[in-house]
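So the structure is just underneath, and the comments pick up after that.
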Amino acid sequence: MALKAVLVSDVPNLDQVPENASLALYSTRFSKGVEMGRVASRIPKFLVIGHRGNGMNALQSSDRRMRAIKENSISSFNSAANFPIDFVEFDVQVTKDDCPVIFHDNFILSEENGTVFERRVTELCLSEFLCYGPQREAGKEGKTLLRKTKDGKIVRWDVEKDDSLCTLQEAFEQVEPSLGFNIELKFDDCIVYEQDYLINVFQAILQVVLNYAKDRPIIFSSFQPDAALLVKKLQSTYPVFFLTNGGTELYYDVRRNSLEEAVKLCLEGGLQGIVSEVKGVFRNPGALTKIKEAKLSLLTYGKLNNVAEAVYMQYLMGIEGVIVDLVQEITEAVSDMIKPTTAEDGGDKNLLEGDGKMQMQVKSKPEFSQRELSFLLKLIPELIQI
């Protein structure tokens, strides 16, 4: 689907995001004295981002950590904020009465009298959406919340610490204010969206951001190429990243099928960076050169980001951050392997040059010579073909 260019002035009632909003990705959670690079979206340190807060829910997993706290909830976001992370990532959809809500799946499932009901989130009004799961009002019982697994099995959405569903506004109001938000603009891969619909969705989201973001760092991201391009055209304050599987899955839209296509999209649309499935990067490490030459930032997501050694390998490769489920474990590993210092303290690896700017000092790590690192980069694509 190709969308024509849209100017902010073409969008009814859409106000400009103020200039004093958080133009950079960085908050008080970042080290002081960091100066920005070429553009406002250059990343001055290795970022750790909590996936759907403190981690996604894998309800059939034998790992209790994947069922500890309800994903995409206020509790999950604030739990993640207890650790030295920079952002939480979460999924935003807009209800039929134009309220941005935080929920990953396209459909919400419930059960009544033994019958399973499935409703599309964007076809619910806000009051209908909020009636699922735990309720804030004492004594009020919400509708049973179920979830469909990737293999089609329907299971109860049971976690150790449950919480109510929430809106984007509530997240801004109730989550630790220094914690950045990576707002994924969520759309259904099976639907071709009209331009007017996308504009209405972004108008609703940007209005909440305008009213409640204050100085909070924000990144927008989307797997939907036209959505990413459009939100960049509608505002210039916050960076927009294109989400891609990096070729690990193939789609009808070729722009989604490789890191090279992702780079082309970013350059054509003025996007600031790419968020790739980590396997896509490991399978094609040569694409990193093209990404760096294009002066784009690169973050990754995926199960391998819950493995400390894989995260450290990405740091060595020059990847700028990871989205993780095991927030406590990975932040501890990153803190142990990569210690932020100032230039006066010295360090093994400079991310930015100049006195007083951020550097990275490896504290405890595997030791690789340049030759060994080169060999690993050649070997990894062969190992990752799974």
For R65 and L326, what are the C-alpha separation, side-chain angles and deciding distance, and is it a side chain to side chain contact (heavy atoms under 4.5 Å, CB included)?
CA-CA 8 Å; R65 295 173 296 182; L326 304 182; 3.7 Å; yes
Only one of E89, K303, E71 passes side-chain contact (heavy atoms from CB on, under 4.5 Å) with M56, and that residue is E71
Do [X] and [Y] meet the criterion of a side-chain donor-acceptor pair at a distance under 3.5 Å?
| X | Y | result |
| --- | --- | --- |
| D325 | H51 | yes |
| E173 | Q169 | yes |
| N284 | E260 | yes |
| Q314 | T300 | yes |
| Y251 | N245 | yes |
| D151 | T149 | yes |

Does the distance from a Lys or Arg side-chain N to an Asp or Glu carboxylate O, for [X] and [Y], drop under 4.0 Å?
| X | Y | value |
| --- | --- | --- |
| E118 | K148 | yes |
| K70 | D163 | no |
| K143 | E128 | no |
| E261 | R256 | no |
| E170 | R136 | yes |
| R67 | D158 | no |

Would you give the length of the straight line joining atom [atom1] of [X] to atom [atom2] of [Y], rounded to the nearest 0.5 angstrom?
| X | Y | atom1 | atom2 | value |
| --- | --- | --- | --- | --- |
| F83 | Q328 | CZ | CD | 4.0 Å |
| Q207 | D98 | CD | CG | 11.5 Å |
| E184 | S222 | CD | OG | 6.5 Å |
| L146 | R156 | CG | CZ | 6.5 Å |
| I69 | R52 | CD1 | CZ | 14.5 Å |
| I319 | L288 | CD1 | CG | 5.0 Å |

If you look at every heavy atom in [X] and [Y], which pair is closest and at what distance?
| X | Y | value |
| --- | --- | --- |
| V263 | A294 | CG1-CB, 4.1 Å |
| G302 | V278 | CA-CG1, 4.4 Å |
| A80 | N54 | CA-OD1, 3.6 Å |
| V94 | A204 | CG1-CB, 4.2 Å |
| F77 | A171 | CE1-CB, 4.4 Å |
| G280 | T248 | N-CG2, 3.6 Å |

Are side-chain heavy atoms of [X] and [Y] found at a separation under 4.5 Å?
| X | Y | result |
| --- | --- | --- |
| I218 | N182 | no |
| S164 | S73 | no |
| I108 | R120 | no |
| V281 | M317 | yes |
| L179 | F87 | no |
| L168 | I205 | yes |
| Y132 | T144 | no |
| V201 | Y193 | no |

Donor-acceptor check, side chain of [X] to backbone of [Y], threshold 3.5 angstrom: yes or no?
| X | Y | answer |
| --- | --- | --- |
| Q135 | E137 | no |
| S221 | F242 | no |
| Q224 | F187 | no |
| N78 | E176 | yes |
| S258 | G246 | no |
| T167 | P100 | no |
| S79 | S75 | no |
| D97 | L126 | yes |
| D86 | V48 | yes |
| T95 | C99 | yes |

Give the cluster check for [X] versus [Y]: same hydrophobic cluster or not, with ILVMFWY residues linked at side-chain heavy-atom distances below 4.5 Å.
| X | Y | answer |
| --- | --- | --- |
| L234 | I183 | yes |
| V209 | Y212 | yes |
| Y238 | L185 | yes |
| I85 | I74 | yes |
| I102 | W157 | no |

Knowing that exactly one of F103, F172, F181 qualifies, which makes a ring-ring contact (aromatic ring centres under 6.0 Å, His included) with F90?
F181
Could you go through the side chain to side chain contact (heavy atoms under 4.5 Å, CB included) check for I330 and N305 one step at a time?
CA-CA 8 Å; I330 297 302; N305 282 353; over 6 Å; no
Looking at E160, I want to see if its CD is surrounded by more than 12 non-hydrogen atoms of other residues, nucleotides or ligands under 6.0 Å.
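Yes, enclosed.
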Just say parallel, tilted or perpendicular for the rings of Y315 and F46, cut-offs at 30° and 60°.
perpendicular
Go through K186 and D105 one step at a time and tell me if the salt bridge (charged side-chain N to carboxylate O under 4.0 Å, His left out) criterion holds.
CA-CA 9 Å; K186 184 74 175 179; D105 301 356; over 6 Å; no
Could you walk me through whether Y197 and I191 pass side chain to side chain contact (heavy atoms under 4.5 Å, CB included), step by step?
CA-CA 12 Å; Y197 175 82; I191 295 177; over 6 Å; no
Under the side chain to side chain contact (heavy atoms under 4.5 Å, CB included) criterion, do L299 and I274 qualify, and how do the steps go?
CA-CA 6 Å; L299 309 173; I274 296 168; over 6 Å; no
